[in-house]
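Down below is the structure, laid out as structure tokens.
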Amino acid sequence: KAQLGQNAPNPFDGETVIEYYLPKTVQTASLHVYDNTGKLIREISLESTGKGQVDLSLVNLPQGMYTYSLVVDGKVRDSKQMILK
């Protein structure tokens with residue numbers, strides 16, 4: 001099944017890495033990043049199945065808590081939180 005890893009490092013200073021796994025049966029997948037008000041600030045399309053990672057840069061955004069979600073075939077499969085310091 002699809003899996004979403006915790007970002008590293010966390011807390012992070014501008015840039016972080018998020019690992020994920022997508023089974024071969026997945027049609028579409030993306031990573032959604034939300035600010036602490038729930039506003040979608042980034043949507044990243046995930047093109048390949050298997051293990052992968054996203055190098056995420058939030059250097060121009062304010063410090064605080066952010067949420068990211070793995071969306072697979074139109075459904076949120078997992079969500080995690082990260083802290084931008």
Side-chain angles (χ1 to χ4, degrees):
K1 69 177 197 178
Q3 296 177 340
L4 180 62
Q6 183 65 52
N7 69 299
N10 191 31
F12 66 102
D13 187 17
E15 297 187 5
T16 190
V17 176
I18 300 170
E19 294 183 342
Y20 63 88
Y21 172 80
L22 297 173
K24 291 187 189 313
T25 56
V26 168
Q27 300 294 314
T28 62
S30 57
L31 186 73
H32 294 187
V33 181
Y34 303 91
D35 67 12
N36 62 0
T37 68
K39 178 183 173 193
L40 179 65
I41 58 169
R42 195 80 43 90
E43 184 174 342
I44 303 160
S45 180
L46 306 176
E47 301 296 331
S48 59
T49 58
K51 285 187 177 183
Q53 72 178 37
V54 171
D55 298 321
L56 183 64
S57 176
L58 300 180
V59 291
N60 294 323
L61 293 173
Q63 295 179 350
M65 182 81 69
Y66 290 81
T67 301
Y68 59 99
S69 299
L70 179 63
V71 180
V72 176
D73 296 332
K75 295 181 181 176
V76 174
R77 296 295 180 188
D78 197 2
S79 296
K80 296 193 183 298
Q81 293 186 323
M82 57 186 171
I83 299 170
L84 175 60
K85 61 180 182 174

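Just so it is clear, the values below take in all heavy atoms, side chains as well, and ignore hydrogens, waters and symmetry mates.
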Identify whether Tyr34 and Leu4 are in the same connected component of the hydrophobic contact network (ILVMFWY, side-chain heavy atoms under 4.5 Å).
no
When rounded to the nearest 0.5 Å, the distance separating CG of Leu84 from CZ of Phe12 is 4.5 Å
Where do Leu70 and Leu46 land on the side chain to side chain contact (heavy atoms under 4.5 Å, CB included) test, with the steps shown first?
CA-CA 9 Å; Leu70 179 63; Leu46 306 176; 3.6 Å; yes
To the nearest 0.5 Å, atom CD of Gln81 lies from atom OH of Tyr68 at 9.5 Å
For Gly74 and Val71 the tightest heavy-atom approach is C-CG1, 4.0 Å
Look up atom CE in Met65 and atom CG in Asp35, then write down how far apart they are to the nearest 0.5 Å.
12.5 Å
Please lay out, stage by stage, how Leu31 and Leu56 fare under the test side chain to side chain contact (heavy atoms under 4.5 Å, CB included).
CA-CA 10 Å; Leu31 186 73; Leu56 183 64; 5.5 Å; no
Donor-acceptor pair, side chain of Thr16 and main chain of Pro9, under 3.5 angstrom:
yes
Can you find a side-chain donor-acceptor pair between Ser45 and Glu43 that sits under 3.5 Å?
no
Answer with yes or no whether the hydrophobic clustering places Tyr21 together with Val26; edges join I, L, V, M, F, W, Y residues whose side-chain heavy atoms lie under 4.5 Å apart.
no
Of all heavy-atom pairs between Ala29 and Leu22, which one has the smallest distance, and what is that distance?
CB-CD1, 3.6 Å
If you measure from CG on Leu58 to OH on Tyr66, what distance do you get to the nearest 0.5 Å?
6.5 Å
Gln53, CD atom: more than 12 neighbouring heavy atoms under 6.0 Å
yes
I'd like to know whether Thr25 forms a side chain to side chain contact (heavy atoms under 4.5 Å, CB included) with Asp73, so could you lay out the CA-CA distance, the side-chain angles of the two residues, the decisive distance to 0.1 Å, and finally the verdict.
CA-CA 10 Å; Thr25 56; Asp73 296 332; over 6 Å; no
What closest approach, in Å, do Lys24 and Thr49 show between heavy atoms, and which atom pair accounts for it?
CA-CG2, 3.9 Å
Reported CD1-to-OG1 distance for the pair Ile41 and Thr67, which is rounded to 0.5 angstrom:
9.5 Å
Do you know which of Asn60, Val59, Leu61 makes side-chain contact (heavy atoms from CB on, under 4.5 Å) with Ser57?
Val59
Is Met82 linked to Val54 within one hydrophobic cluster, defined over Ile, Leu, Val, Met, Phe, Trp and Tyr using a side-chain heavy-atom separation of less than 4.5 Å?
yes
Any donor-acceptor pair under 3.5 Å from Asn10 side chain to Ile83 backbone:
yes
Atom pair CD (Gln63) and CG (Asn36), whose distance is rounded to the nearest 0.5 Å:
12.0 Å
